[in-house]
There are 2 protein chains.
Amino acid sequence: MRRRGQDELRRFLLDTAGRLLAEEGPAALTMRRVAAEVGCSTTVLYTLFGGKDGLAAGLYREGFARFQRRFQDLPPSPDPIARIRALSAAYRAGALAEPHYYRVMFLGAIPGFSPGPDDQAVGNATFQYLIDAAAAGMAAGAYRPGDPAAVAQVLWAAAHGVISLEVAGVFGPEGADQRYADATGAATAWFISSDGSDGAG
Amino acid sequence: MRRRGQDELRRFLLDTAGRLLAEEGPAALTMRRVAAEVGCSTTVLYTLFGGKDGLAAGLYREGFARFQRRFQDLPPSPDPIARIRALSAAYRAGALAEPHYYRVMFLGAIPGFSPGPDDQAVGNATFQYLIDAAAAGMAAGAYRPGDPAAVAQVLWAAAHGVISLEVAGVFGPEGADQRYADATGAATAWFISSDGSDGAG
DNA sequence: ACTCGTGGATAACGACGTTACACCAACCTT
DNA sequence: AAGGTTGGTGTAACGTCGTTATCCACGAGT
């Protein structure tokens with residue numbers, strides 16, 4: 001295992017951990033198991049990640065990086081509402097494509113781990129896409145003026161609420177699509193400037 | 001510990017486990033620790049609960065029982081929309097009053113535990129309050145006709161989305177109230193019969 | 001009083017996260 | 001080029017976890 005290049009080894013370990021998580025669930029994500037899987041000892045994991053929390057944080061950031069990539073690859077749209085819709089769809093697509101990462105990021109899938117402040121900062125950076133879209137919507141007059149972050153948070157909460165229930169198996173497989181459309185549609189409509197109820201506080 | 005009455009002992013153990021969870025977090029919820037706390041051996045826990053999963057399931061059901069009590073104690077309201085609002089408020093009040101139970105029920109706070117089908121049935125029974133309220137709203141003409149369970153699920157997702165982000169510390173303490181009002185208000189408004197968009201699929 | 005059966009305490013097993021220690025390869029000095 | 005130094009790696013151990021096999025004490029039945 002010597003001299004493999006630290007970064008390369010780190011990535012290899014992270015990929016192995018992600019694979020274990022996807023294939024066998026959080027119970028299989030063990031320091032000993034990851035080490036055995038790549039054929040090194042546990043010491044390497046501790047020098048590269050500092051402990052199981054560090055490994056979990058690596059997976060957490062990796063999950064957000066994948067989300068970010070999805071948002072980045074979205075074709076730009078002049079219509080702010082369509083942009084919000086596209087971001088919502090990409091969010092759910094990402095969550096369902098790799099639910100094990102979504103569970104790590106938002107559902108506490110790795111037993112002892114909760115993200116530290118700098119880990120959460122990575123998450124917030126990804127979240128910025130949604131805030132920007134809300135701000136653009138306000139600038140274009142599609143949304144009532146207000147705090148774009150507040151709009152983005154409500155939209156995020158709606159999306160996250162449906163997806164976390166969906167991942168938990170609450171909906172039948174046929175109902176989840178409509179629940180997601182309703183929840184994100186309701187949140188979007190709530191802030192559209194035509195009606196006069198209070199919002200965007 | 002002999003002859004204390006099985007049910008009484010079971011309740012004592014469950015209360016102790018809940019207290020440990022609330023005071024010291026999920027890491028303190030250990031079979032050994034619970035046994036030491038009540039002054040018996042771990043064997044009792046295994047005969048009464050079958051294992052840590054059984055203890056976790058007991059806490060899961062206890063959490064839903066407390067939610068159910070809150071819903072039950074709500075004064076009846078002739079206005080279906082006000083009823084929905086009251087249920088939403090009670091839901092958040094319950095979640096914030098005892099967040100450790102909320103985490104067990106919906107956020108996977110206890111490492112290895114995920115509820116079995118019969119545990120989830122208990123949860124769905126509590127959920128019935130919301131479905132009934134939605135059905136009453138439809139019967140009164142306040143909601144567009146459709147599947148009451150679908151309306152309830154979207155409302156639940158909105159509430160759960162905000163609360164789980166709130167419990168995770170995403171919002172500042174000042175913003176959470178408004179986010180919750182927006183998210184549940186948006187979900188409620190979405191199904192009200194005045195506008196003509198598609199919903200309640 | 002004696003036996004039997006039930007149920008709790010003790011202590012062990014395997015697996016976990018973590019780390020002290022020993023070792024060896026690579027680099028720097030001369 | 002040879003030897004000392006440094007830092008990364010493997011081995012093996014520690015303490016704790018969930019779980020359980022074993023043993024023992026107490027109450028019931030005769």
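Remember, predicted model here, so these are calculated numbers, not experimental data. Note on naming: letters A, B, ... go to the chains in the order of the sequence lines (proteins, then strands), and numbering restarts at 1 for each one.
- The list of side-chain hydrogen bond (donor to acceptor under 3.5 Å, both in side chains) pairs with a residue in residues 105-119 of chain B, not counting sequence neighbours, reads B:R61-B:D119.
- If you check D:dT19, C:dA9, C:dA20 against the side chain of B:T42, the one that comes closest is D:dT19.
- Listed nucleotides: C:dT18, D:dT20, D:dT9. Nearest to the side chain of A:K52: C:dT18.
- In this pair, A:Y143 and A:F191 present their aromatic rings perpendicular. The plane angle is above 60°, beyond the 30 to 60° band.
- Among the nucleotides C:dA9, D:dT19, C:dA20, the one closest to the side chain of B:Y46 is D:dT19.
- For A:T43, the side chain to side chain contact (heavy atoms under 4.5 Å, CB included) test picks out A:S41, A:T47, with sequence neighbours left out.
- Sequence order on DNA chain D of the closest nucleotides to B:T43 and A:T47 puts A:T47 first from the 5' end.
- Using a 4.0 Å heavy-atom distance criterion, B:G112 is classed as making no nucleic acid contact.
- Below 30°, between 30° and 60°, or above 60°: for A:F67 and A:F71 the angle between ring planes is above 60°, a perpendicular geometry.
- B:D182 and B:Q178 are linked by a side-chain donor-acceptor pair at a separation below 3.5 angstrom, with hydrogens and angles left out of the test.
- Contacts between residues 19-33 of chain B and DNA chain C, defined by a heavy-atom separation under 4.0 Å, are made by B:R32.
- Between the CD1 atom of A:I110 and the P atom of C:dG17 there is a distance of 11 Å, given to the nearest Å.
- Following rounding to the nearest Å, A:F49 (CZ) and C:dG17 (P) show an atom-to-atom distance of 14 Å.
- Atom CG in B:L45 sits roughly 11 Å away from atom P in C:dG8 (whole-Å rounding).
- The aromatic rings of A:F113 and A:Y60 stand perpendicular to each other, their planes meeting at an angle above 60°, with 30° marking the opposite boundary.
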